[in-house]
Amino acid sequence: MEAFQLLSRGGLKFDKNRFKKDVELFNGKSKAESKKQLSNEDSELPAELDFFKYAQGGPSKRKERSTNAEGPAGKKRKIDEEESEQDEDDQDEEDQPKLLHQRHRVTTKGNNVPEHADTFEQMRDRFNLSSHLMANLSKYGYSHPTGIQSYGIPILLSSRDLAAISPTGTGKTLSYLLPVMAALGAPSGSSKIDGGSGVRAVVLAPTRELAQQIHNECLKLAEGRKWRIVLFSKATANTLKDKAARDKVDIIISTPLRLVASIQSGSLELNNVRHLILDEADRMLDSEFHDQVQEIVAACTRADIQKAVFSATLPANAEKIAMEMLSDPVRVVVGLKDTPLPLIAQSLTYVADDASKLPSLLTYFAQPYNPPVLVFTSTQPRASSLAEELVLNNIPNVDCLHAGMTKKEREDAISRMRKGESWVMVSTEVMARGMDFKGVREVVNYDFPTSVQSYIHRIGRTGRAGREGKAVTFFTDEDGPYLKSIANVLLQSGSPVPEWILKLPKPSKMKRRQMGKVKRAEMVNPARKIGKNDALKKKEMIEGSKRRKAKGQSKREAEEEDSDS
DNA sequence: AAAAAAC
């Protein structure tokens, strides 16, 4: 466990020169590294390592090596065109990354939907935004609002409840933070505040890392103001033991359970909360978080509270719960619901079984890749051991992050990632949602995601803020039952899918259970292993599907299955 | 369907 952390070179400054030195080091050292050198296009730095430009938001100079033989470019472009047709064409073409946001169609639903605003200046004029806020926006590079920002911000500034669905990396955080800031006025505890004392805004997020990231954003926007913005943790909860200290807090950002603990111990009141935001709303409303969140909602007793939920995905059941907790809500959907960005080039890779995954990943890293790469596994032990394996195989700058690690270890891993010191980050679902590492260009699903939502959020760690990204998903024989639903997501967002996968019908619930049993039977008798090569596998899967069809699963049944979540 | 995450 410590081994790979030692190797990950924590603490060093990240600059181009050091990078170059490392590259030179690799030159004389390992075969895998020198292979990477082969793709060097400019003399200065191997092209695949030159993500500095990318990290700064510039266009990628090496257009489409990443899509390999399958080349989805044609399909991708088609979708872009379709979307731009439906949107306003009055943008100038220079501002490439920003423009991409505007290309998505935006649909709104609700009573008297407040009109959207095309610029932050329009928002300022309509809603009297402070010069502080405007200055901080431009200071941190928010020059032009994204789709969700130009629709969501006016809605929230009009004191309406909001359910916002917008793809990963399209600026949802600012969409809810800006209106909260605009509404705050004087800091809590000052005599100018009307209508009660205490915390006035609460933002809930599913992981510590995400809460921390939101907190950072919040601090940027609040620069120059005296608001108290608290990232809620055990430590900060303790500093708020006496009511006088609590009454000076303006905004709390927290994970649900931490907040519930404080409410129950009587050390926190939410009776003055005027804004409650659920980020990653579908996650916050799933069975594990639902009761905690409802308890927090119940503790917010002000009648005029404004509530808003945000996510890139919102399955029907979660949307129903969300809509029930909102009053007279406006619903905004940017792009196609539950569809990733077309600028993420996605592909599926068959790896017969679990034992074949590591060799496949090593092959992946033996070819040119763009660090940092985010690798997702299904469990914490698998994340740890995979990270160790990669270190043992001389993959440089490997890091690991899962919720089984200590708070400090997690914070250190995040900070290495932010500094660009991690080239490969192996992690679990904890990193799947919300985390914004602008430099991430490649995501590898080492273990198959357990839901379409998980898939969309995981691959959404790349392709952020209008940049390109690449996502590779390994699948084994065991993943067969879920393969088609993911394949449909690829198709929807313009990435190519091998035809044989599309021919697979989605098995009914009963069949899925049966496949599960077969799976277990095979594991008992490992002597009989199938699916050694891809061709065999295709045959196997297609024949399986024919058998299922023959047994009487109608096409309509299959379609019905497709529509459930 | 199923693990992860939350304290």
Side-chain angles (χ1 to χ4, degrees), chain A residues 202-214 231-238 252-265 267-268 278-296 311 313 315 317 354 374-386 400-407 409-410 413-414 426-435 445-455 457-458 461 475-476 478-486 506-520 561-562 564-565:
Chain A
V202 171
V203 179
L204 294 178
T207 63
R208 272 188 223 150
E209 282 75 14
L210 183 53
Q212 189 190 48
Q213 177 181 290
I214 296 165
L231 175 60
F232 218 58
S233 66
K234 205 173 234 166
T236 51
N238 282 333
I252 281 181
I253 297 150
S254 179
T255 51
L257 202 53
R258 180 62 258 169
L259 215 52
V260 167
S262 286
I263 293 169
Q264 285 177 347
S265 73
S267 58
L268 181 70
L278 303 189
D279 204 347
E280 307 298 343
D282 51 338
R283 176 76 179 96
M284 304 305 280
L285 295 170
D286 74 13
S287 54
E288 292 86 348
F289 275 127
H290 178 270
D291 292 355
Q292 301 166 26
V293 170
Q294 292 306 333
E295 195 166 339
I296 292 164
S311 186
T313 55
N317 53 342
D354 194 54
L374 208 44
V375 180
F376 283 102
T377 63
S378 59
T379 68
Q380 296 178 6
R382 285 176 66 81
S384 302
S385 58
L386 177 58
C400 181
L401 176 52
H402 59 67
M405 293 160 50
T406 66
K407 197 179 175 209
E409 286 171 334
R410 288 168 71 167
I414 289 287
V426 185
S427 75
T428 60
E429 286 295 301
V430 72
M431 295 290 284
R433 283 176 177 262
M435 295 312 295
N445 286 315
Y446 186 78
D447 291 330
F448 206 71
T450 54
S451 70
V452 165
Q453 286 75 32
S454 163
Y455 177 76
H457 286 277
R458 281 179 177 190
R461 294 321 94 209
F475 68 97
T476 65
E478 297 179 11
D479 301 319
Y482 312 102
L483 184 55
K484 205 199 176 188
S485 56
I486 301 296
K506 194 170 171 181
S508 70
K509 273 172 191 145
M510 202 184 70
K511 292 290 172 194
R512 272 181 237 167
R513 246 170 262 138
Q514 280 179 6
M515 282 186 84
K517 272 176 199 153
V518 170
K519 193 172 80 191
R520 252 166 266 135
E561 286 292 323
D562 276 352
D564 73 29
S565 55

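In what follows, chains carry the letters A, B, and so on, assigned in the order in which the sequence lines appear, proteins first and then strands, with residues in each chain numbered from 1.
- Put simply, CZ on A:F376 is 22 Å from P on B:dA2, counting in whole angstrom units.
- Remark: A:R410 is in phosphate contact with B:dA6, judged by side-chain N or O atoms under 4.0 Å from OP1 or OP2.
- Residue-level contact check: A:R382 touches neither bases nor backbone, having no heavy atom under 4.0 Å from any strand.
- Counting to the nearest Å, the P atom of B:dA5 and the CG atom of A:L204 are 19 Å from each other.
- Applying the side-chain contact (heavy atoms from CB on, under 4.5 Å) rule to A:A432 yields the partners A:F376, A:E429, A:R458; only residues at least two apart in sequence or on another chain are considered.
- Shown here are the side-chain contact (heavy atoms from CB on, under 4.5 Å) partners of A:S265, two or more places apart in sequence or in another chain: A:S267.
- Between B:dA5 and A:T428, a contact under 4.0 Å exists linking OP1 or OP2 to a side-chain N or O.
- Rounded to the nearest 0.5 Å, atoms CG (A:D279) and OG (A:S311) are 7.5 Å apart.
- The separation between A:R258 atom CZ and B:dA6 atom P is 13 Å, rounded to whole Å.
- Contacts between residues 282-292 of chain A and DNA chain B, defined by a heavy-atom separation under 4.0 Å, are made by A:R283, A:E288, A:F289, A:Q292.
- Atom P of nucleotide B:dA4 and atom CD of A:E429 are separated by 9 Å, given to the nearest angstrom.
- Scored by the salt bridge (Lys or Arg N to Asp or Glu O under 4.0 Å) test, A:R433 finds A:E280, A:D282 as partners (sequence neighbours excluded).
- Scanning for side-chain contact (heavy atoms from CB on, under 4.5 Å) contacts around A:Q213 gives A:L210, A:R418, A:M435, A:D436, with sequence neighbours left out.
- Counting any heavy atom pair closer than 4.0 Å across all strands shown, A:P206 reaches sugar-phosphate atoms only and no base atom.
- No contact: A:A261 has no heavy atom under 4.0 Å from any strand.
- Rounded to an integer number of Å, the gap from CE of A:M405 to C1' of B:dA5 is 15 Å.
- No contact: A:S454 has no heavy atom under 4.0 Å from any strand.
- Taking 4.0 angstrom as the limit, A:R208 places a side-chain polar atom (N or O) nearer than this to OP1 or OP2 of B:dC7.
- A:D479 has no carboxylate O lying under 4.0 Å from a charged side-chain N of A:K484, or vice versa, which leaves the two without a salt bridge.
- For the pair A:Q453 CD and B:dA5 P, the computed distance is 18 Å after rounding to whole Å.
- For A:K407, the side-chain contact (heavy atoms from CB on, under 4.5 Å) criterion is met by A:R208, A:S233, A:E411, not counting sequence neighbours.
- Rounded to whole angstrom, the span from the CD atom of A:E478 across to the P atom of B:dA3 amounts to 13 Å.
- Distance, A:L278 CG to B:dA6 P: 17 Å, rounded to whole Å.
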